[in-house]
Structures are given as structure tokens and as C-alpha cells.
Amino acid sequence: MKNNFLKVTGFAALAFTGYAYWSTKQLRETEYTIASAKIAPELDGFRVLQLSDVHGCTFGRYNHRLIKKIWQLDPDIIVVTGDLLDGDEGINTVITLMRKLARRYPIYYVTGNHEAHSANLEDLLPALAKSGIVYLNNQHVYIERDGKTFALAGIDDPSLQIQKPHDLTLEEEVAREEEIVVAEIKEATAGIPDSIFTFLLSHRPEKWAIYQQAAIDLVCCGHAHGGQIRLPGTQGLYAPQQGLLPKWTAGIHRANGKAMIISRGVGNATPVPRVFNEPELPVITLRHK
């Protein structure tokens, strides 16, 4: 009886480990629709693909599975919401991936906390620029189709201004981050007319209360990795800056006339595997209301 129990337990553990690895290599798109009277009829149907939290990961040789998936989805533009890098590793893989995607699609990028603490950020940014990728460091551009536009703004991760180690308490660090995010959004959206639909790229979903007060209509975030282990009825078990049982890890959230879309991301930056939490590519379709 004991031997049978051990065999069953061992098989279950092996099967779960196999599933956990397999699931981290799957790619799922999630479709969202954002409708607004501020979106002109000429922009109706405009498709935006969000790529977040790559962390230097690969999907097939030369990332061919990820590239093929994006080609199949065929967006109008790609927005990258931070953490392309995983610390000091994976820069060549990431640069190659972005170069290949940039040959076909306009790409707009903002930093995440992993870039902020990477020694390779100074190499990454010029390589992205050389490929034609637009780095939105607290600024905006206008995306145009058939003579009509919407504003695409982007802000740096606040950790670029808070270098560790530091002497701040946790409460002081959070307060300082919030001050930075408020100032960055104000800078990034300065001069955008109220009549223009404004789309913000930011790495951090836990700043949702700040986004609700900003002059934006939609924000795309990443960072939370879907809460890592997603059990039924939860937003996952843990997310950075949110701790255990986080609230903002995936999906679309609406309040005060604003919307926030959080990508679960495609990579992983911790030894804890993603469980019931497959890598995700959100695709956002803009609609004239």
C-alpha cells in the first residue's frame, strides 16, 4: 500500500511538473474591445497588440512561435509595456525578437522595473531606436489612420528614479513612486486636446487609482504576471508591489470613465512557475461609439 501511494504521488508530482512547464510555453490571445465617442469612425477596428514582461524568454527556436503567433494576429501596431529584459540576461534574444517584429509593425515601448535595474539598459535603448522602435519616455505621439488620430502616451517605470539600495522605508518608497507616476503622466499627456482619445502605456497596474484621476481614457499595464499561480476565484496568489492575494493582475478593469487592461505577460522572472496562468497576448480593438 505504501509503495503504491508513493508511486501515485510521484506520478502526480511528475505530471504536475510537466504541465507547469508545458503551460509556460503556450501562447493565448485575449481579445478586448474599447468603444468611445472620442474614437473617430476612421479608426474603428484599429487593432493594438500588447506585448509585456518578455523577460528574455523564448518560444521555439529563434522565437519563431511567438513571431508566428503575432503575425497571425496581425495588429496595426504593437505596444510593449516593460520588462523586455530579465535583469542582466537575455539582451541579444530580446533585441533580435524586436528587430524581427519591427520589420512588419510599428512598435512603441515603455520601460519596466527590470530594465531599471539592468546593466544592459544603455545597450537596449539604442538598439531599439536603431530598429525604428519608439521609446515613450514620458511623452506622447499621435497614431494616424485616414486623417484621424488618437494619442499614445507612455511613462517610464518609477524605479528608474529610485535606485536601490536606498534608505527609504516601504511606505516612503510607495509614496515616492506615486509622486513620480503622477508627474510622469502629467508630462506625457501635456498638450493633448481633451477631444482626442488618449491611450497610456505604463508598467504598473497597482497605480490604478492614479490612472483614474489622469487625463487618459485607457491604460495598458503588465508587471503582475497574472498573480503567478491563478486559482479559481482569485487574481492569483502573489504580485510584486501587491503582495499576497493581489487585486490587479489580469483582465480589464473599469472605473470613473477609464479602462485598464493588464496583461499576464509572456515570460517569468521568478523560480515559482506560472500555474493555470498561460502566457498572454492581449489584442485591443478600438471602436467608434
Side-chain angles (χ1 to χ4, degrees), residues 32 34 36-52 54 70 73-84 94-95 97-112 115-116 121 124-158 160 180-204 207 210-211 214-222 258-261 263 281-288:
Y32 297 100
I34 298 294
S36 172
K38 295 167 72 174
I39 297 170
E42 291 82 355
L43 294 168
D44 189 86
F46 194 97
R47 285 164 56 81
V48 180
L49 182 139
Q50 182 187 4
L51 181 62
S52 195
V54 175
I70 292 173
L73 294 170
D74 198 27
D76 291 289
I77 64 172
I78 296 172
V79 296
V80 183
T81 47
D83 281 3
L84 279 174
V94 162
I95 289 174
L97 169 65
M98 300 307 289
R99 281 176 179 165
K100 289 179 178 178
L101 292 175
R103 290 173 186 165
R104 186 171 292 207
Y105 304 107
I107 302 178
Y108 301 86
Y109 162 79
V110 296
T111 53
E115 281 95 341
L121 180 61
L124 176 67
L125 295 179
L128 295 181
K130 187 175 180 181
S131 298
I133 294 165
V134 178
Y135 166 37
L136 294 173
N137 57 331
N138 309 327
Q139 60 192 60
H140 67 267
V141 295
Y142 290 102
I143 308 298
E144 185 268 341
R145 186 168 77 177
D146 295 338
K148 298 298 182 179
T149 63
F150 67 90
L152 181 66
I155 62 171
D156 274 327
D157 192 82
L160 264 75
I180 292 169
V181 169
V182 169
E184 287 182 336
I185 294 174
K186 185 176 181 180
E187 179 182 357
T189 59
I192 300 175
D194 292 340
S195 60
I196 297 291
F197 184 86
T198 301
F199 188 156
L200 176 70
L201 307 181
S202 175
H203 188 56
R204 306 286 195 98
K207 308 304 182 187
I210 294 175
Y211 306 143
I216 63 169
D217 300 288
L218 169 66
V219 57
C220 274
C221 305
K258 322 286 185 180
M260 175 173 68
I261 292 172
S263 171
L281 294 169
V283 180
I284 302 136
T285 301
L286 303 182
R287 291 294 183 191
H288 171 70

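We count residues from 1, following the sequence as given.
In terms of heavy atoms, S202 sits closest to V110 at N-CG2, 4.3 Å. Annotation for L121 and P126: closest pair O-CD, 4.4 Å, computed over non-hydrogen atoms. Nearest heavy atom pair, residue I95 against residue A127, reads CD1-CB, 3.5 Å. When all heavy atoms of H203 and D83 are compared, the pair lying nearest together is NE2-OD2, 3.1 Å. Residues E42 and K148 come closest through the heavy atom pair OE1-CG, 3.2 Å.
The CD atom of E115 sits 9.5 Å away from the CG atom of D156 when rounded to the nearest 0.5 Å. Summarising the geometry, atom CG belonging to D44 is positioned 8.0 Å from atom CD1 belonging to I39; distances are rounded to the nearest 0.5 Å. To the nearest 0.5 Å, atoms OG (S263) and CG (L51) are separated by 8.0 Å. Note that CG of L160 and CD1 of I180 are 9.5 Å apart. Values are rounded to the nearest 0.5 Å.
Counting heavy atoms from C-beta on, the side chains of I284 and C220 come closer than 4.5 Å. Residues T189 and I216 meet the side-chain proximity criterion, which asks for heavy atoms closer than 4.5 Å. Residues R204 and V181 have side chains not in contact (no heavy-atom distance under 4.5 Å, counting atoms from C-beta outward). The side-chain heavy atoms of C221 and M260, taken from C-beta on, include a pair separated by under 4.5 Å. The side-chain heavy atoms of I70 and I78, taken from C-beta on, include a pair separated by under 4.5 Å. Side chains of R287 and I34 form no contact here, defined as non-hydrogen atoms less than 4.5 Å apart. Within the 4.5 Å cutoff, no side-chain heavy atoms of L218 are placed close to those of K258. In this structure the side chain of Y142 reaches within 4.5 angstrom of the side chain of I196, judged on heavy atoms.
Side-chain contact, Y109 with N137: no donor N or O sits under 3.5 Å from an acceptor N or O. Using modelled atom types and a 3.5 Å distance limit, the side chains of D74 and Y105 yield a donor-acceptor pair. No hydrogens or angles considered: nothing links the side chains of T111 and D157 as a donor-acceptor pair under 3.5 Å. Counting only N and O atoms by type, the side chains of T285 and Y32 include no donor and acceptor under 3.5 Å apart.
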Before you tell me yes or no, could you show the steps for I107 and V134 under side-chain contact (heavy atoms from CB on, under 4.5 Å), namely the whole-Å CA-CA distance, both residues' side-chain angles and the distance that decides it to 0.1 Å? CA-CA 6 Å; I107 302 178; V134 178; over 6 Å; no

Stepwise side-chain contact (heavy atoms from CB on, under 4.5 Å) check, T149 with I143: CA-CA 5 Å; T149 63; I143 308 298; over 6 Å; no

For a side-chain contact (heavy atoms from CB on, under 4.5 Å) check, start with the C-alpha distance between V182 and I210, then their side-chain angles and the critical distance, and finish with the verdict. CA-CA 7 Å; V182 169; I210 294 175; 3.8 Å; yes

Would R99 and S131 count as a side-chain contact (heavy atoms from CB on, under 4.5 Å) if you check the C-alpha gap in whole Å, the side-chain angles of each, and the deciding distance to 0.1 Å? CA-CA 6 Å; R99 281 176 179 165; S131 298; 3.0 Å; yes

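Using a 4.0 Å cut-off between a side-chain N of Lys or Arg and a carboxylate O of Asp or Glu, K38 and D217 qualify as a salt bridge. Under the 4.0 Å criterion applied to side-chain N and carboxylate O atoms, R47 and D76 are not assigned as salt-bridge partners.
In this structure, F46 has its ring center closer than 6.0 angstrom to the ring center of F150.
Between S52 and the options T81, V80, L201, a side-chain contact (heavy atoms from CB on, under 4.5 Å) holds for only T81. Paired with L152 under the rule side-chain contact (heavy atoms from CB on, under 4.5 Å), one option of L200, I192, V79, T198 passes, and it is V79.
Between the side chain of Q139 and the main chain of V141, no donor-acceptor pair closer than 3.5 Å is present.
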